[in-house]
Amino acid sequence: MASSQGKKIRSIVVLGGGSAGWMTAATLSRMLKPEDVKVTLIESEQIGTVGVGEATIPDIINFNAMLGIDEREFMAATNATFKLGIEFNNWGKRGDSYMHPFGLQGADMMGIDFHQFWLYSHQQGNSKPIWKYSISAEAAYDNKFVLPVNDNRSVVSQIRYAYHFDATLYARFLRKYAEERGVVRVEGKVVDVGQNDQTGYIETLKLGSGEEIEGDFFFDCTGFRAMLMGKTLGVKFDDWGHWLPCNAAQTAACKDTGPLKPYTVATAKDAGWQWRIPTQTRVGNGHIYSQNFMSDDEAVDILVKDMENKPMNDPRLIRFRTGCQKSFWEKNCIAVGLSAGFLEPLESTSLYLIQVGISRFIALYPDGNLSSVVREEYNRQIRQLFVQVRDFIILHYKATQRTDTEFWEYCRNMSVPDSLKDKMDLFRAGGRVFRYEDDLFGKTSWIAVLLGQNVFPEVVDPIVSDLPIAQVERSLASMTKSIGDAVLKMPTHKEFIGQYCPSPMAKA
Amino acid sequence: MSAPIKSVLVCGSGLAYEMTLAALSLNLPGDIQITALQLGGLVNRDSFYGHLTAPSAYNFFLSLGLDEPNLILNSQTNFSFGTAYESWAGHLNWTQCFHQPFPVWDNIAMHQYAVHMKAPFSAFLINSVAGLNGRFAHPPHDKNNPLSRAEYGYVFDPDDITALLRSATTSARLVRQSGVFSKLLSKNGTHYSLELDDGTLIETDFIVDCSGYDSPLSENFELGATRIAKTNKEAVTPGISLKHIKANPMGWESVVRLQRENLHLSVGLEGSISDPDYVVGIGRKLSPWKSNYLALGHAACVVEPLTPAPMMLLQRDIERLLSLFPVSSDMTVEAKEYNRLSGNDLEHCQLFQRSMFEIKNAPKSAYWNQVTNTPAPKKLERKIEQFLSRGYVTMYDLEPFHAEDWIIQHFGLGRQPERYDIYLDQLSEKQISQRLGQLSANINSMVQKMPPGDRYVQNFRRYLEKKHGV
């Protein structure tokens, strides 16, 4: 029989509420028994949270499933809607529009990627964009939705989806979940951090009330402040602002008076871009921009002008620095969420980065000795994830043909990381996409953005271009027909939500 | 835009040469001319591909036009559950079997249960148990059957496969020639023609060199070490369904059981084997694809065939060539990506092989001294550290060897994690013990029902002969 694990972690303290704090606490409460490990979350009503990531990617479904959360209950409680992809407007050129859908675009044939067949057909005059071969995109543009079926013969099985929801309500939902499972919430503001004189390990957090909270391990979920990771432990920040120049956002919500769209909209502006995220009760809007190229007042004007209804609140300014910590796990502390780093939510990855930050900790769950071996592996994995997401987001800025503003001129001409440059070169040469292992964004995603922003390969796969065009057109036509037939039978997104998971707040 | 590729010249001989020709003939567009130039005067070192494939070879052979019935009926190829290492470092014995992902119970990987119980891991691997008992059967689809998690590769005679591919690869646009290489004619760094010693010129847009590690077409690569090798065949031994490798102070010996013969390979330092068949250098070209020249197989790298790594690398390089086959005379982008991926694969295979020498109390022999005279790479250190710490398997970018391979190897080399997965504490000792006990009982029960490997292949062959009317 193996010996026990030796010294064990007996208490974990999560500093900060919000999405990051409560996702962390909820996961810990799911994975650890309260009699073995005490989990305490400290948050202050006085400190606001940044409502990041109202839009998500499909991996959030796995996270909720891991917690054992019922989808309907969660959606109703968070005003959630379904999301089938993101529509990008004005990114390649002004007036351009494309969809980055979840799930497949077309079906590979003869062992060759679908996009090669589409490219060949496009060369021969097919004007249908590639997302016409995605059921998620077609359903999205028709404002339709159904859940995927578990039958590979049906095209409906190819639907992949995520959610739009109110992040504050999600945090509240998870708070209830975590507290029911033994997490202790402490109201208060941390005024001092006690560290071990010799090791520098965090030992206590002193609250304004004088109360001291002890812990063996700490999670820094304090957002941009990075109170433990930055201020206490002095971890340096890796600034990626030269690749992703936006550094501020103005956000406001408004009423949704149109059809309920099952997709996010990201519209490029003069010095950044604007999002539109529909929930059951409102539309979240945000204008992300670079203060080096645009004033805050101009940014607010643009935000409000592009909203479909009057703002329900005064636009709120959020300043940020793009990049990540040099180390995500330092001594006995892990940074999760905005305190770990920030990448603008262009591909809705904010909550995913939180999710992975927690799940990798769970996978590497340490004993009380907190071996550096485990810490280094955690840092390697999280950094790799940040870099992969970073490259994919930079692609949207770099792959532009816009010359109409200084900002876009800068983006078009900026140097990019070698890892991204190689991928773009490879695609331009022959339409090939090589993904790296554990790349969050797969081939379909890269192709959607590259083609959507007019990055076309010089040559189509020679095997495909050897085929009779009529044969290729027949295959493509049969795909659009089966997709069209399936979408026709779907209920509208609004109907589906109304029947499946209506929010009491929406009814009111 | 640069001109499209209209012709490719494949030169060399042997396994890599015929595999490349088969792959290109079946996959390239019809308007690309393929010239096969069989070069004379090359030493056959194909036994250094190691006589054992990984399970992925099933699909790879299919893509070359060789299905399993063809392999079994028309060559001596046989099935293998993996490799049994004997007296490794003088004292270690384990079976490096091919295995699908291990079971996960209560969200905890099976190997963590074994760590907790300090139980011998091989008892929970059905193809290890079956292999050591000389049993074989095709893994069924039924997920409830413990054999469904087993995988198998092929043991083969490279000359056999070469001949089979040569007879099967017939295409109107494939022109076969033979000759002795004289020189490459180049302009601005691009080779436009190859000249034979009789003055014949073969023009081409793209050259694939499969002529081995001492290729006459390019400079030899930097060598890490040299080995001598010798193969011999003997009467078949019944009851072997694994490749066997036995270490000795100067190298190692392997034996695989083909259908009608046993095939031996002895590898060692110079002077360790009498009358060796050949000398070979271990090493690699840093950039196998340069301009319009691509070195493939042993012309690109030579890895000691201690594992299926040499065949994995050959297979991956051919698959990579197909997916990156140049679309125009400017091949810079394709070459860069090919070299990146090929370099990664080689590095990761080398990690797996190098790991086999990271042993406490390793022998002080000349062979072991040579192999361990440089420190283990950082990536390997991390892998070993992580496993020893808590049985965690660190994986890098698309490694050819899977997490299961690494776990089996770690245990086989006597690496015992200090701690088990902490989530096991949520289960009782009885639950943990029952899980493993049940798996082991199921495996033993199944293995009893499996036929001896030699009888299985004979019956399978009879069935195929009847089905195909042979």
Side-chain angles (χ1 to χ4, degrees), chain A residues 1-9 30-33 36-37 66 110-113 362-369 371-374 376-378 380-381 384 418-419 421-439 457-467, chain B residues 1-2 4-5 27-32 63 107 112-119 320 322-328 330-334 336-338 340-341 344 381-390 392 394-399 416-426 429 432-433:
Chain A
M1 176 69 62
S3 61
S4 75
Q5 309 282 294
K7 192 181 162 192
K8 288 183 178 178
I9 292 176
R30 172 77 176 86
M31 303 306 290
L32 304 169
K33 289 179 184 168
D36 292 337
V37 185
M66 181 269 294
M110 302 161 53
I112 299 171
D113 293 336
I362 293 295
L364 287 163
Y365 192 84
D367 62 20
N369 294 319
S371 151
S372 62
V373 173
V374 181
E376 283 166 17
E377 179 63 11
Y378 180 89
R380 181 184 78 86
Q381 292 187 15
Q384 178 178 296
D418 286 347
S419 45
K421 184 181 177 300
D422 290 348
K423 277 193 171 178
M424 292 180 74
D425 287 348
L426 193 65
F427 189 79
R428 279 200 182 101
R432 283 137 173 178
V433 182
F434 271 85
R435 63 173 293 182
Y436 293 75
E437 190 163 34
D438 294 332
D439 223 345
E458 290 166 8
V459 183
V460 173
D461 187 302
I463 297 178
V464 175
S465 55
D466 229 23
L467 296 171
Chain B
M1 205 184 83
S2 46
I5 296 290
N27 289 287
L28 287 192
D31 60 346
I32 296 182
S63 76
N107 289 323
Q112 293 287 355
Y113 285 72
V115 172
H116 183 276
M117 300 301 290
K118 290 199 170 164
R320 192 162 20 247
L322 291 179
S323 63
L324 283 168
F325 195 84
V327 286
S328 77
D330 180 1
M331 309 172 189
T332 321
V333 172
E334 286 92 346
K336 189 173 181 183
E337 184 66 0
Y338 183 99
R340 179 182 80 84
L341 294 169
N344 282 353
E381 274 181 16
R382 180 183 291 271
K383 276 177 176 284
I384 295 174
E385 266 180 3
Q386 289 292 335
F387 189 79
L388 288 177
S389 167
R390 48 170 295 170
Y392 185 82
T394 300
M395 294 298 290
Y396 296 102
D397 195 20
L398 301 168
E399 286 189 50
Q416 189 65 28
E418 288 168 24
R419 290 170 290 273
Y420 52 79
D421 190 322
I422 199 161
Y423 301 120
L424 274 170
D425 283 343
Q426 302 192 21
E429 297 295 322
I432 295 168
S433 172

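Throughout, protein chains are lettered first and strands after them, A, B, ... in sequence-line order, and every chain is numbered starting at 1.
- Both the backbone and the side chain of B:Leu324 come within less than 4.5 Å of a heavy atom of chain A.
- Scanning both residues, A:Leu32 and B:Gln426, for their nearest heavy atoms gives CA-NE2, 4.2 Å.
- For the options A:Gly430, A:Ala363, A:Ser465, heavy-atom pairs under 4.5 Å to chain B are most numerous at A:Ala363.
- In this structure, B:Tyr396 and A:Arg380 have side chains that are in contact, with non-hydrogen atoms separated by less than 4.5 Å.
- At least one side-chain heavy atom of A:Leu364 sits under 4.5 Å from a side-chain heavy atom of B:Gln386.
- Contacts of A:Leu467 with chain B are absent, with no heavy-atom separation under 4.5 Å from either backbone or side chain.
- Residues A:Lys8 and B:Asp425 are in side-chain contact: their nearest non-hydrogen atoms beyond the backbone lie under 4.5 Å apart.
- In this structure, A:Asp36 places its CG atom where more than 12 heavy-atom neighbours from other residues, nucleotides or ligands lie under 6.0 Å away.
- Heavy atoms of A:Ile362 lying under 4.5 Å from chain B belong to its backbone as well as its side chain.
- For chain B, no part of A:Pro457 is nearby; none of its heavy atoms comes within less than 4.5 Å.
- Only one option out of B:Ile5, B:Val327, B:Asp31 pairs with A:Pro462 in a side-chain contact (heavy atoms from CB on, under 4.5 Å); it is B:Val327.
- Using a cut-off of 4.0 Å between Lys/Arg side-chain N and Asp/Glu carboxylate O, B:Lys336 and A:Asp425 are scored as not salt-bridged.
- Both the backbone and the side chain of A:Glu376 come within contact range of chain B, each with at least one heavy atom under 4.5 Å from a heavy atom of that chain.
- Both the backbone and the side chain of A:Met31 come within contact range of chain B, each with at least one heavy atom under 4.5 Å from a heavy atom of that chain.
- Of the candidates B:Arg382, B:Glu385, B:Arg390, B:Glu381, B:Glu385 is the only one forming a side-chain contact (heavy atoms from CB on, under 4.5 Å) with A:Val373.
- Side-chain contact between A:Val374 and B:Tyr392 is absent, with no heavy atoms from C-beta onward closer than 4.5 Å.
- Applying the side-chain hydrogen bond (donor to acceptor under 3.5 Å, both in side chains) test to B:Gln112 and every residue at least two apart in sequence or in another chain returns nothing.
- Contact between B:Val333 and A:Leu426 at its shortest, heavy atoms only, is CG1-CA, 3.2 Å.
- Rounded to the nearest 0.5 angstrom, B:Arg419 CZ and A:Asn369 CG are separated by 6.0 Å.
- Nearest approach of A:Asp466 to B:Gly30, heavy atoms of both residues: OD2-N, 3.2 Å.
- Here B:Ser323 is the residue among B:Ser323, B:Ser389, B:Ser63 with the most heavy-atom pairs under 4.5 Å with chain A.
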